[in-house]
2 protein chains.
Amino acid sequence: MALSTKRTDRRTEALSKERIVEAAIHILDAEGERALTFRALATRLATGSGAIYWHVADKQALLAAATDHILASVMAEVAERSTLNHDAIRTVALGMFDAIEAHPWIGAQLSGDPWQQGLLRILEGIGRQVQALGVPESALFNATTALLNCILGVAAQHAAAERLPRGTERSVYLAAIAERWTQLDLAEYPFVHHLAAQLPGHDDREQFLAGVNLVLAGIESIR
Amino acid sequence: MALSTKRTDRRTEALSKERIVEAAIHILDAEGERALTFRALATRLATGSGAIYWHVADKQALLAAATDHILASVMAEVAERSTLNHDAIRTVALGMFDAIEAHPWIGAQLSGDPWQQGLLRILEGIGRQVQALGVPESALFNATTALLNCILGVAAQHAAAERLPRGTERSVYLAAIAERWTQLDLAEYPFVHHLAAQLPGHDDREQFLAGVNLVLAGIESIR
DNA sequence: CGCGAGAATGGAATGTTGTTCCAGCGGCTC
DNA sequence: GAGCCGCTGGAACAACATTCCATTCTCGCG
């Protein structure tokens with residue numbers, strides 16, 4: 001009986017790539033990117049690091065799998081609210097924005113490896129709509145990657161914020177940046193000074209959407 | 001005399017932040033990002049790692065300083081060919097593109113920390129021209145960061161290529177990506193398949209410029 | 001001229017990390 | 001039951017960023 005119980009336990013809690021990825025995501029979300037080590041992961045899964053390596057090639061693959069897991073659910077959710085063209089693009093883009101905001105470590109992953117599996121889902125989702133918009137063949141690639149750049153941009157921004165000590169308030173962070181900007185030489189950096197003033201109280205989501213709209217307007221003009 | 005000679009030598013080859021940064025850039029350019037370790041740096045400077053730490057806070061600061069060093073020279077060079085508005089923006093942008101292509105490790109640095117000193121130079125350079133373009137106050141920030149996103153996008157792409165084993169041919173790299181794309185499920189990724197066909201023989205610089213032009217066109221439309 | 005304080009140096013030591021290695025266990029097939 | 005194989009857990013390893021410290025060098029002051 002003891003044996004059978006143990007076996008059941010084993011089966012129930014059997015190690016698998018999926019279970020590993022879920023544990024990794026939990027650590028990443030709860031304690032940040034730096035806290036994800038194979039030791040921490042092994043502890044949380046009550047096993048050794050060697051066992052994890054049997055399921056996952058290396059840390060990069062683990063992070064890629066975790067990112068893909070999140071992005072897949074983003075696209076799945078977005079796919080339900082089926083809209084068309086412009087609105088569809090905005091919906092996908094905002095879905096990405098929210099995902100990156102909720103899991104900032106994705107930002108580092110995406111900007112570090114933009115052609116990884118996960119982003120292809122987004123490329124596909126956006127590209128189809130751009131195509132449906134009637135963009136000429138020759139400009140398809142450029143228009144789609146321009147939209148992707150908006151996403152990579154916000155990803156980079158959140159990746160930077162992610163590296164901060166845990167629990168830093170967003171407003172404090174923005175204030176610190178504005179502070180640094182205003183300390184620059186006014187004669188040399190007049191424009192940056194100008195921007196610093198409106199940096200606090202700045203809405204990321206709005207900026208992101210404005211960027212997307214700008215690109216969409218540009219696409220309209222070449223259609 | 002021996003003493004004086006030794007002292008002179010010391011003076012000539014005295015360690016300084018500048019000399020350290022130059023050595024770091026040399027290693028980064030010659031052997032890639034992964035090769036830049038404090039050991040390698042100490043060896044190249046014929047000193048110990050402790051001495052380096054006296055001049056540089058940590059590795060992040062070193063990379064930031066190296067990046068800033070390059071970006072400063074980019075802006076200096078661009079400033080000479082003084083043009084206006086659209087052309088000035090394109091000139092700055094292309095200068096950045098060329099810099100990232102020549103020193104791909106900058107890509108990783110920029111996308112990892114988009115608000116670092118170095119990028120502010122670019123922000124300033126582009127922002128002024130956007131302002132001169134007559135963009136309304138409320139859209140200034142958004143328009144400028146949208147242009148920056150194009151640069152961050154190409155930075156991320158080169159950062160990914162940088163991580164590859166040394167000496168990988170660009171065409172081979174592109175072919176490998178196209179190969180991966182065509183192996184995706186055609187039903188699920190029709191658009192990616194479509195793009196894969198035109199991925200080899202694809203001109204990065206042109207794509208970059210097209211993205212910038214798209215954003216510029218969008219800016220025109222809200223002016 | 002000497003001498004002392006602080007700047008600067010070089011290399012050893014420390015603590016983590018990703019990764020590899022291996023001895024063994026459990027279930028499966030003959 | 002014997003033997004193989006997928007899988008496990010944890011020890012061992014190499015590399016790294018960073019810290020520490022004993023020593024040397026420089027320069028200004030008495």
Side-chain angles (χ1 to χ4, degrees), chain A residues 1-21 23-24 27-28 31-66 105 108-109 112-113 162-163 165-166, chain B residues 1-24 27-28 31-66 105 108-109 112-113 163 165-166:
Chain A
M1 175 139 81
L3 275 178
S4 118
T5 303
K6 193 173 184 184
R7 177 168 52 185
T8 308
D9 281 359
R10 272 288 174 105
R11 272 197 201 280
T12 311
E13 307 180 10
L15 218 45
S16 67
K17 183 159 181 175
E18 197 181 335
R19 228 164 68 82
I20 293 174
V21 167
I27 292 179
L28 287 165
E31 304 171 61
E33 192 173 7
R34 291 190 346 163
L36 180 67
T37 71
F38 277 77
R39 282 163 170 65
L41 201 51
T43 302
R44 164 162 255 268
L45 291 167
T47 179
S49 43
I52 298 176
Y53 271 91
W54 206 93
H55 296 272
V56 173
D58 55 16
K59 190 170 184 179
Q60 221 183 356
L62 176 60
L63 281 167
W105 49 272
Q109 187 56 26
D113 185 1
E162 159 80 2
R163 279 185 245 288
R166 212 64 197 166
Chain B
M1 176 136 81
L3 276 177
S4 119
T5 302
K6 193 171 183 184
R7 179 167 48 185
T8 308
D9 282 0
R10 272 291 172 104
R11 269 193 204 283
T12 312
E13 308 180 8
L15 218 47
S16 68
K17 182 158 181 176
E18 198 182 335
R19 229 164 68 79
I20 294 174
V21 167
E22 277 168 14
I27 293 179
L28 287 165
E31 304 172 60
E33 193 174 6
R34 289 189 346 160
L36 180 67
T37 71
F38 277 77
R39 282 161 171 51
L41 202 50
T43 302
R44 164 161 255 270
L45 290 168
T47 179
S49 43
I52 299 176
Y53 271 92
W54 205 93
H55 295 273
V56 173
D58 55 15
K59 191 169 184 178
Q60 220 183 358
L62 177 60
L63 282 167
W105 48 272
Q109 187 55 25
D113 184 0
R163 280 186 244 289
R166 212 62 197 166

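Only a predicted model underlies this, so the values are computations on that prediction, with no experimental measurement involved. Proteins get letters first, then strands, A, B, ... in listed order; numbering begins at 1 in each.
- Listed by residue number, A/W54, A/H55 are the residues of residues 52-66 of chain A with a heavy-atom contact under 4.0 Å to DNA chain D.
- Without hydrogens or angle criteria, A/E162 side chain to A/A108 main chain gives no donor-acceptor distance under 3.5 Å.
- For B/F38, the listed nucleotide lying nearest its side chain is D/dT18; candidates were D/dT18, C/dT17, D/dC16.
- Closest to the B/S49 side chain, of the nucleotides C/dG18, D/dT8, D/dT18, is D/dT18.
- Residues A/A51 and A/R39 each lie close to DNA chain D; by heavy-atom proximity, the contact nearer the 5' end of the strand is made by A/A51.
- Taking atom CG of residue A/L45 and atom C1' of nucleotide D/dC7, one finds them 14 Å apart after rounding to whole Å.
- Remark: P of D/dG10 and CG of A/L15 are 12 Å apart, rounded to the nearest angstrom.
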Problem set entry | A/R163 and B/Q60: CA distance, side-chain angles, deciding distance, side-chain contact (heavy atoms from CB on, under 4.5 Å) verdict | CA-CA 12 Å; A/R163 279 185 245 288; B/Q60 220 183 358; 4.2 Å; yes
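- Counting only heavy atoms from C-beta outward, the side chains of A/L62 and A/L36 approach each other to under 4.5 Å.
- At a threshold of 4.0 angstrom between heavy atoms, the contacts of A/L36 are confined to the sugar-phosphate backbone, with no base atom among them.
- Regarding A/K17, its NZ atom lies at a distance of 17 Å from the C1' atom of D/dG6, rounded to whole Å.
- Annotation: side chain of A/L63 is not in contact with side chain of A/D113 (no heavy-atom distance under 4.5 Å).
- Contacts of A/A40 with the nucleic acid, taken as non-hydrogen atoms under 4.0 Å apart, are absent.
- Residues A/L28 and A/A66 share a closest heavy-atom pair of CD1-CB, 4.5 Å.
- Separation of atoms CG (B/L15) and NE2 (B/H55) is listed at 4.0 Å; rounding is to 0.5 Å.
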